[in-house]
2 protein chains.
Amino acid sequence: MPAIAIGPLADETGIKIPTIRYYEEIGLLPSPPRSRGNRRLYPMAAIGRLRFIRHARDLGFDIDAIRQLLTLADQPDHSCAEADRLARIHLDDIESKIARLEALRDEVRHMVADCAQDRIRQCRVIEVLADHGQCRHDHPPASSPVINNR
Amino acid sequence: MPAIAIGPLADETGIKIPTIRYYEEIGLLPSPPRSRGNRRLYPMAAIGRLRFIRHARDLGFDIDAIRQLLTLADQPDHSCAEADRLARIHLDDIESKIARLEALRDEVRHMVADCAQDRIRQCRVIEVLADHGQCRHDHPPASSPVINNR
DNA sequence: TCTTGCTTCTCTAGTCGCTAGAGATTGTAG
DNA sequence: CTACAATCTCTAGCGACTAGAGAAGCAAGA
Ligand SMILES: [Zn+2]
Ligand SMILES: [Zn+2]
Ligand SMILES: [Zn+2]
Ligand SMILES: [Zn+2]
């Protein structure tokens with residue numbers, strides 16, 4: 001049966017080789033069989049699986065959600081309620097991150113706009129940073145990670 | 001001269017004790033003198049410095065920018081151009097993060113809205129994740145970290 | 001003085017999702 | 001047979017903390 005090595009698989013999916021190995025290590029992608037020389041030989045289906053992972057990552061889903069989504073994707077007859085729920089949770093998350101960033105944006109924008117561009121002594125940026133009481137709107141006091149990396 | 005211990009300092013500034021020690025370790029906050037029993041005894045000025053750090057972190061500045069901003073804050077006669085520049089860079093950063101998150105939001109929103117809530121086989125969420133070609137708008141292929149944590 | 005209990009100390013390791021590099025081996029084309 | 005490319009394992013690093021272990025210091029009450 002046809003198989004694909006890790007390099008071509010990386011090219012096909014846009015996921016780097018070390019990342020593919022990392023996904024295997026954390027159990028997101030099943031360990032493929034090996035060649036006589038101990039190299040990974042993936043079934044062609046791995047392409048689709050990795051593309052799914054990649055797209056979900058690009059859309060900001062975290063690994064744990066992707067793990068669940070992959071499990072669901074393998075059960076075509078099952079209700080899709082859980083998949084939809086995961087997507088909605090992610091949507092809420094994105095929206096709250098946007099809200100927080102918009103608050104930060106407004107605050108930083110004001111700092112920059114209000115500065116008369118003179119000495120540090122009168123710099124609005126430094127002043128506001130030194131005292132949250134100088135903030136116009138109130139931005140949240142910072143919380144959870146704002147989104148996963150990449 | 002008056003001094004403050006790490007616990008009260010944490011209470012005053014809202015920064016946790018291990019984080020204060022971490023800031024010392026990375027050279028963001030100078031090492032304070034110690035008591036006979038080896039405990040940190042901060043000058044009262046440390047309160048202001050930590051509040052500055054906290055506020056800047058809450059506004060999403062990264063540690064490196066904060067390091068520079070603190071240095072600038074100590075030079076009242078210097079021009080504030082550099083401080084303003086750092087703030088503008090941060091503003092641009094926030095804005096591009098918002099733009100990216102808005103693209104993700106639109107995409108995920110559509111996935112959820114378009115799903116007929118039936119079997120996984122026809123689940124729009126799973127379908128779209130499996131194939132970026134099904135995306136309506138094009139979201140960026142993921143890139144740099146979206147914002148620093150907390 | 002002794003004890004109780006809180007605070008602080010140092011040190012290590014874990015978080016998330018990778019990324020980079022060293023050094024060894026395997027595979028392939030000319 | 002010789003290059004050279006691809007892959008292997010393993011370790012360590014990123015940013016900005018957070019959590020926990022185990023030891024030591026310190027203040028107040030009995
Ligand atoms: Zn200024
Ligand atoms: Zn503020
Ligand atoms: Zn669905
Ligand atoms: Zn897409």
### Query
Step by step, would you call B:Glu95 with A:Arg109 a salt bridge (charged side-chain N to carboxylate O under 4.0 Å, His left out)?
CA-CA 10 Å; B:Glu95 283 171 348; A:Arg109 200 176 260 170; 2.7 Å; yes
State which of [options] makes the closest approach to the side chain of [X].
X       : options                : answer
B:Pro8  : C:dC9, C:dT8, D:dC17   : C:dT8
B:Pro18 : D:dT18, D:dA16, C:dC18 : D:dT18
A:Tyr22 : D:dT7, D:dT9, C:dG17   : C:dG17
B:Ile6  : C:dC9, D:dC8, D:dC17   : C:dC9
B:Arg34 : C:dC18, C:dT10, C:dT19 : C:dT10

Any [X] side-chain nitrogen or oxygen under 4.0 Å from OP1 or OP2 of [N]:
X       : N      : result
A:Arg36 : C:dT26 : no
A:Arg40 : C:dT26 : no
A:Thr19 : C:dG17 : no
B:Tyr23 : D:dA16 : no

### Summary
Assign each of B:Ser35 and B:Asp64 the nucleotide of DNA chain D bearing its closest heavy atom; nearer the 5' end lies the nucleotide of B:Asp64
To the nearest Å, how far apart are [X] [atom1] and [N] [atom2]?
X       : N      : atom1 : atom2 : result
B:Phe61 : D:dG15 : CZ    : C1'   : 17 Å
B:Leu41 : D:dC26 : CG    : P     : 9 Å
A:Ile63 : C:dT15 : CD1   : C1'   : 14 Å
B:Asn38 : D:dG22 : CG    : P     : 21 Å
B:Ile20 : C:dT10 : CD1   : P     : 13 Å
B:Ile15 : D:dT18 : CD1   : P     : 10 Å
B:Ile26 : D:dG15 : CD1   : C1'   : 9 Å
B:Ile4  : C:dT7  : CD1   : P     : 14 Å

### Message
Go nucleotide by nucleotide along DNA chain C from the 5' end; which of A:Arg39 and A:Arg21 gets its closest nucleotide reached first?
### Response
A:Arg21
### Message
Can you tell me how the ring of A:Phe61 sits relative to the ring of A:His90, calling it parallel under 30°, perpendicular over 60° and tilted otherwise?
### Response
tilted
### Task
Answer with yes or no whether the hydrophobic clustering places B:Tyr42 together with B:Met44; edges join I, L, V, M, F, W, Y residues whose side-chain heavy atoms lie under 4.5 Å apart.
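Yes; tracing contacts between hydrophobic side chains, which count when under 4.5 Å, links both residues.
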### Task
Please name the residue in the list A:Arg100, A:Glu102, A:His132 that meets the side-chain hydrogen bond (donor to acceptor under 3.5 Å, both in side chains) test with A:His139.
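For A:His139, the side-chain hydrogen bond (donor to acceptor under 3.5 Å, both in side chains) check succeeds only for A:His132.
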### Message
Assess the residue pair A:Gln134 and A:Met111 against the criterion (side chain to side chain contact (heavy atoms under 4.5 Å, CB included)); give the C-alpha distance rounded to whole Å, side-chain angles, the decisive distance to 0.1 Å, and a yes or no.
### Response
CA-CA 10 Å; A:Gln134 306 276 323; A:Met111 295 178 12; over 6 Å; no
### Task
Describe the nucleic acid contact of B:Ile17 in one word from base, sugar-phosphate, nothing, applying a heavy-atom distance below 4.0 Å.
sugar-phosphate
